[in-house]
Every structure is written in C-alpha cells, then in structure tokens.
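Below is one structure, written out as structure tokens; the observations come after it.
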Amino acid sequence: MSTRSTARRVIAALAGVLLAGSMAACGNSDTGGDAGDGGNDKIVLGFSQVGAESGWRTANTTSIKEAAAAAGIELKFDDAQQKQENQIKAIRNFIQQKVDVIAFSPVVESGWDTVLKEAKDAKIPVILTDRAVDSADKSLYKTFLGSDFVKEGRLAGEWLVEQKKAASGPVNIVELQGTTGSAPANDRKKGFAEAIAANPNLKIVASQSGDFTRAGGKQVMEQFLKANPKIDVLFAHNDDMGLGALEAISAAGKTPGKDITIITVDAVKDGMQALADGKFNFIAECSPLLGPQLMELAKKVKAGEEVPARIETEETTFTQEQAKEALPNRKY
Ligand code: AHR
C-alpha cells in the first residue's frame, strides 16, 4: 500500500470518528439531553406541582420558582391540575428528558410505586416535597421535605379542647376535609380526632371533602348548614375552604367566629386577615416556603451526598391577637 493511500485511510477514519461524535451530541440535544452532559453545568430539576387550588399552593409555587432562579437551577415546572394521572405523565416526561433530579408534591398518597421505580431505574433521584407517598419501598425516593400534618391537626384539636373544657353538653363539629386520599387530609383528620378524643362532648357530626378550594368549602358548608341545625365548630383543613365557608355561614344568617367557632390550617394572608378580623378563631400554620431547602437538597442528591430521610418544616399556631401582630409582616 502506498504512503499516499495510507494517509487517505487515516484521514477518512478520523473524519468518521469526528462525525460519529457530532451525531451523538445532536442525539443528546434532540431528546432534551442531560444539561450536565451537554456543556451546560446547571442542574436541571423537574418539578411536578399539585395545581393552583389554594393561596398556600400559589405561595409554594412562587417560593420554588424564585429559589430555583436564585440557586442557578434550571426548573422544568409542571402543573398537574390536581390530577394524579397528570403527575405520572409529567414524571415520565422528566425521565425521558433525563433531568438531573425530580421533585414532586404528590396529589394523593397511593399509587406511585411504578413511576418511582421507573425514575430509580433511570438513576434519577426523587425528592418528595410538601406531601408524602405511602410506598413501602423507601428506596424509591431520597427524602421528604415538608410539614407534620398530623401535628397540625392535633394542635387544632388541642386548642379546641382547651376552649371547650367547661362545656357541659355536646359540642357539634363539622369538618371540611382536604382532597380525598391526600396526605394532609388523612393526617390532619387523624391528628384532630386524636386530640378531641380527650373530651367526649366534642363530636364530629359531619365530615366531607371540599378539595382544598374556596368553592368546595362554600358548597359543602352550605350542605352542612342545611343538614345540621346546630353547628358549634368548623374545622377546615385549610384557610381557603374556611374562607369559602364564611360566605355560606353569613348567608345562613350566622356570625362566623361567634356563632360558629372556626379553626383552619395554613395561615396564608387572607386566612390571617380573617383571623385578625374575628371571623376565624384559630389557625395551625403550614409553611409553603419550601423552595430554598428544596434547591439545597437537589444540589446534594445530584452530588450523591447523603441527606436525611425526612426534613420537617418549623411551624407555629395563631390566635386572633397573634394574627393582628403578625399580619403586617406576612409575606404570603
Ligand atoms: O399540602 C398542603 C396543603 O395543600 C395546604 O394546606 C393546602 O392549602 C393545599 O392545597
């Protein structure tokens, strides 16, 4: 073989290698690629949000978007509109796009094992935020970041037990539950029931889901008022349902906060205003400001660092007087 033809073969082989390399790079970007591999060092976080059902949720979404921008994390955000099937679809999309980390706030507790297994097989770490799943296999996710919902329900119930300790007859309670099957609805119900068991006069006479929305709270409270001539207390699993219920209570000719004692969870601005105005009586706080901690966790799990299995948010409770003090500085 001549020297010239050997040189031609070497050049052809080199050209082939270069072409194959550039085709592989194109393939990555066509499928969304991995930002880390595509020359972009930013962590890509796929986040599936429950929806926009409440003031709490809006504040939570803002916190996550702002924290991602501040941390230099590329956020792929999906709104599931309160539907589990939409969340499963979003998680599968994130897997296909090869994001670095997946985080989500599961609309309900059950039914996640298959899709979480798919994420694990794809070696994409998953972080649960705000709401938990009931999967027995804890290796399907790295950590949970959020509130102790049982404690929130218990604090609400303990306050009521103290307020009604002198009651000599039955105290009729109606309960507006959150989304059926969701962790906050299950856990707040449990914690509240456990606490009020301390006083046999305290009885839940009706309990139904208002889906964490104002419209749901109003509609279900209207039904409660029609069906129950004597309602002494409303326990609403969030501020928004409590705020919706205020309309139904006023329309029924009753004074909220006086004729009916109202206890809620969250402490968003509108809820705190209702508490300061004397329309609500007590709020157990649930903080939506999870964004900064979530970004820290995303960085750590991407780097392969160990993280605690559960990280709980610090929260408090508010009486009417405390709401008046806190309201001017309330950010959400
Ligand atoms: O999961 C947190 C709950 O979801 C909040 O209490 C409620 O307002 C929201 O919709």
Side-chain angles (χ1 to χ4, degrees), residues 47-64 79-84 86-87 103-110 112 127-134 144-157 175-192 208-218 220-221 234-246 262-275 280 282-291 293-294 310-318 330-332:
F47 183 80
S48 169
Q49 179 60 289
V50 169
E53 74 281 6
S54 62
W56 188 99
R57 190 64 55 196
T58 306
N60 180 246
T61 293
T62 303
S63 170
I64 287 164
D79 177 341
Q81 298 178 348
Q82 296 246 72
K83 291 199 174 77
Q84 183 175 34
N86 290 347
Q87 286 200 296
F104 78 116
S105 175
V107 61
V108 289
E109 282 191 286
S110 306
W112 299 103
I127 300 172
L128 303 177
T129 74
D130 161 39
R131 297 184 182 179
V133 298
D134 64 5
F144 164 84
L145 166 67
S147 308
D148 181 342
F149 296 134
V150 178
K151 184 174 167 196
E152 292 166 355
R154 195 185 313 124
L155 290 170
E175 181 181 34
L176 278 168
Q177 295 180 39
T179 302
T180 305
S182 69
N186 293 342
D187 293 355
R188 287 172 187 163
K189 182 169 186 52
K190 181 172 184 275
F192 185 76
Q208 203 180 305
S209 173
D211 215 12
F212 280 128
T213 65
R214 282 191 196 205
K218 181 176 179 223
V220 178
M221 192 66 201
L234 163 65
F235 172 44
H237 287 189
N238 79 344
D239 286 340
D240 280 78
M241 290 191 295
L243 292 163
L246 289 182
I262 301 179
I263 306 165
T264 67
V265 183
D266 278 355
V268 295
K269 226 176 196 162
D270 288 354
M272 291 287 272
Q273 188 64 60
L275 186 59
F280 284 0
F282 187 73
I283 301 180
E285 186 185 37
C286 176
S287 174
L289 305 180
L290 304 176
Q293 276 172 296
L294 172 60
R310 188 177 168 90
I311 299 160
E312 271 174 25
T313 323
E314 278 185 30
E315 287 158 355
T316 184
T317 58
F318 293 96
R330 205 72 185 159
K331 290 202 178 63
Y332 56 89

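All values below come from the heavy atoms of this structure, side chains included, with hydrogens, waters and symmetry mates left out. Just so you know, residue 1 is the first one in the sequence shown, and it goes up from there. Ligands are counted one by one from 1 in listed order, and the atoms in each one are counted from 1 as well.
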#### Entry: Test applied, side chain to side chain contact (heavy atoms under 4.5 Å, CB included); reference residue, Gln82; option that passes from Glu53, Arg57, Gln87
Glu53

### Element-labelled atoms of ligand 1 that are located less than 4.0 Å from some non-hydrogen atom of Ser54
7 (C), 8 (O), 9 (C), 10 (O)

### Query
Does the side chain of Glu152 pick up a donor-acceptor pair with the side chain of His237 at under 3.5 Å?
no

#### Entry: Close-contact set for ligand 1 against Pro184 heavy atoms, below 4.0 Å
1 (O)

### Task
Please work out which of the three classes, parallel, tilted or perpendicular, describes the rings of Phe235 and Phe192, given edges at 30° and 60°.
parallel

## Note on the structure
So the atoms of ligand 1 within less than 4.0 Å of a heavy atom of Asp130 turn out to be 1 (O), 2 (C)

### Query
Would you call Val107 and Val50 a side-chain contact if the rule is heavy atoms closer than 4.5 Å?
yes

### Query
So, is His237 polar-close to ligand 1, with some N/O to N/O distance under 3.5 Å?
no

### Task
Check whether any side-chain N or O of Asp239 sits under 3.5 Å from a backbone N or O of Ala267 as a donor-acceptor pair, and report yes or no.
yes

### Message
Counting only heavy atoms from other residues, nucleotides and ligands, does the tally under 6.0 Å from NZ of Lys151 exceed 12?
### Response
no

### Query
So which heavy atom in the protein is nearest atom 3 (C) of ligand 1, and how far is it from that ligand atom?
Arg131 NH2, 3.8 Å

### Query
Is there a donor-acceptor contact under 3.5 Å from the side chain of Lys189 to the main chain of Gln177?
no

### Query
Heavy atom under 4.0 Å from ligand 1: found in Arg188's side chain, backbone, both, or neither?
side chain

### Summary
Numbered in order shown, the ligand 1 atoms found under 4.0 Å of a heavy atom of Glu53 are 4 (O), 9 (C), 10 (O)

#### Entry: Atoms in ligand 1 with a heavy atom of Asp266 nearer than 4.0 Å
5 (C), 6 (O), 7 (C), 8 (O)

### Task
Check whether any N or O atom of Trp56, backbone or side chain, sits under 3.5 Å from an N or O atom of ligand 1, and answer yes or no.
no

